[in-house]
Amino acid sequence: MGLGSILLTVLAEGIGHLALPNDRLFEAVLYLMWSSDSSQQVFIKVLFDALIASCIVLACVVLWAAAIWKRPWSPGTSRLVERAYRYAFALPGFVLAAMHLGRFVANLLYSVTPLALWDLSPLLVNLEGPLLLWMQRTIASPALSSIASFLYSIAWVVAVSIFGPALVFLDQRRAVDEALLGTALLSVLSLPLFVLLPVFDPWALNPTYGYGGSGQIGVLYLYPGSSLPILQNIVTELRWATGACLPSLHVAFPLLFGLVARRARLRKLWLCYGAFAAITGVVVVYLGRHWVIDVVAAIPASYGALWLVGRLPWRLTLDLPHRV
């Protein structure tokens, strides 16, 4: 099983180099999340490399203990091997989800966008436009935009990435299964909604960025350091990169993790992730990346994903075939 863990971890790293048909659109999505601050992306890569290394080390512990170390083992060694075996697939699974799940889901989404029959964005402009404009014009400032962009990008990625390893460290077996399966469900269930209820980022309906369709609005893209020509190219040539997922997965993922922590009676984690989800909801609206309805829809989506996971028979954590 340790060998399987190593292979899964290497797969998580290797598939990132495969070329996918809609990678250009996904690169535009990454630009909108990180703008021109490449140093943040370097930090995240280092974080992921550390997670990959930890998975390989964990897998090697299992192989070494099972194949080399002679028995009988001490109680402490036995517990270590059992835990390593228990999460031999789950921990690499978290790394795989954090690194590449979004890219593959995005490529699949963009493959089916020709099936979209309408655009609901002009309707949302009428419903929410005045609120979004008031919010940006009232509280927007360079300092606030810098804080919001940090929370939206680097803080969000770190928070989502460390949740799984934290559960493994705490040996929260059921919570690990729920977090992994819930993340997959939220991603998959967002696919039909992206096509059936298509909306675009509020900022992408601003004529300043080249938008010439109906339902125009003056909402700005407030992420600091962005390039106006690049944003204009995204709006005019790579428009689906500005598709605003309904519900907002930026809010749904941390909220789901908070709910998982609450069910596991991890009160501090629940409070941290619940608060972070609420703050993220404000941030994505402030930056012009989401509509209010996207944020609100993340609440029932997260609760629904956790409810559905509780009724699935699947488990990603493992049991040793016999006591060690």
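Residue indices begin at 1 and follow the sequence shown. Being a predicted model, the structure only gives us computed values, none of them experimental.
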Whether W118 side chain and L196 backbone form a donor-acceptor pair below 3.5 Å: yes

By the definition side-chain contact (heavy atoms from CB on, under 4.5 Å), identify the one residue from W307, Y273, Y303 that meets it with L259. Y303

Quick note, side chain to side chain donor-acceptor pair (under 3.5 Å) partners involving residues 235-251, not counting sequence neighbours, are S248-H290

Going from CG on L189 to CG on L308, what distance comes out if it is rounded to the nearest 0.5 angstrom? 7.0 Å

Apply side-chain contact (heavy atoms from CB on, under 4.5 Å) to I279 and list each qualifying residue two or more places apart in sequence or on a separate chain. L151, V283

Would one find more than 12 heavy atoms of other residues, nucleotides or ligands at under 6.0 Å from atom CG of L197? yes

Kindly indicate whether the side chain of L205, heavy atoms from C-beta on, has any atom under 4.5 Å from the side chain of V219. no

Spacing of F253 atom CZ and T280 atom OG1 [to the nearest 0.5 Å]: 12.5 Å

Between the CG atom in L238 and the CG atom in L231, the distance rounded to the nearest 0.5 Å is 11.5 Å

Does the side chain of V176 reach to within under 4.5 Å of the side chain of V260, using non-hydrogen atoms? no

Between V235 and W203, is there a side-chain heavy-atom distance shorter than 4.5 Å? yes

Does some side-chain heavy atom of Y31 sit less than 4.5 Å from a side-chain heavy atom of S226? yes

Does the side chain of Y221 come within less than 4.5 Å of N206's, by heavy atoms? no

CG (L287) and CG (L222) are apart, to the nearest 0.5 Å, by 6.0 Å

Could you list the residues that satisfy side-chain contact (heavy atoms from CB on, under 4.5 Å) with L228, not counting sequence neighbours? T208, Y209, Q232

Roughly how far, to the nearest 0.5 Å, is the CD atom of E178 from the CG atom of L185? 11.5 Å

Has E128 got a side-chain atom pairing as donor or acceptor with I293's backbone, closer than 3.5 angstrom? yes

Quick one: are R263 and W270 in side-chain contact, heavy atoms under 4.5 Å? no

Is there a side-chain contact between C272 and F257, using heavy atoms and a 4.5 Å cut-off? no

Do W291 and L132 have side-chain heavy atoms sitting under 4.5 Å apart? yes

Stepwise, does the side-chain contact (heavy atoms from CB on, under 4.5 Å) test hold for Y152 with V284? CA-CA 7 Å; Y152 175 75; V284 295; 3.7 Å; yes

Short question: side chain of S121, backbone of F200 - any donor-acceptor pair under 3.5 Å? yes

How far does CD of Q172 sit from CG of L266, to the nearest 0.5 angstrom? 4.5 Å

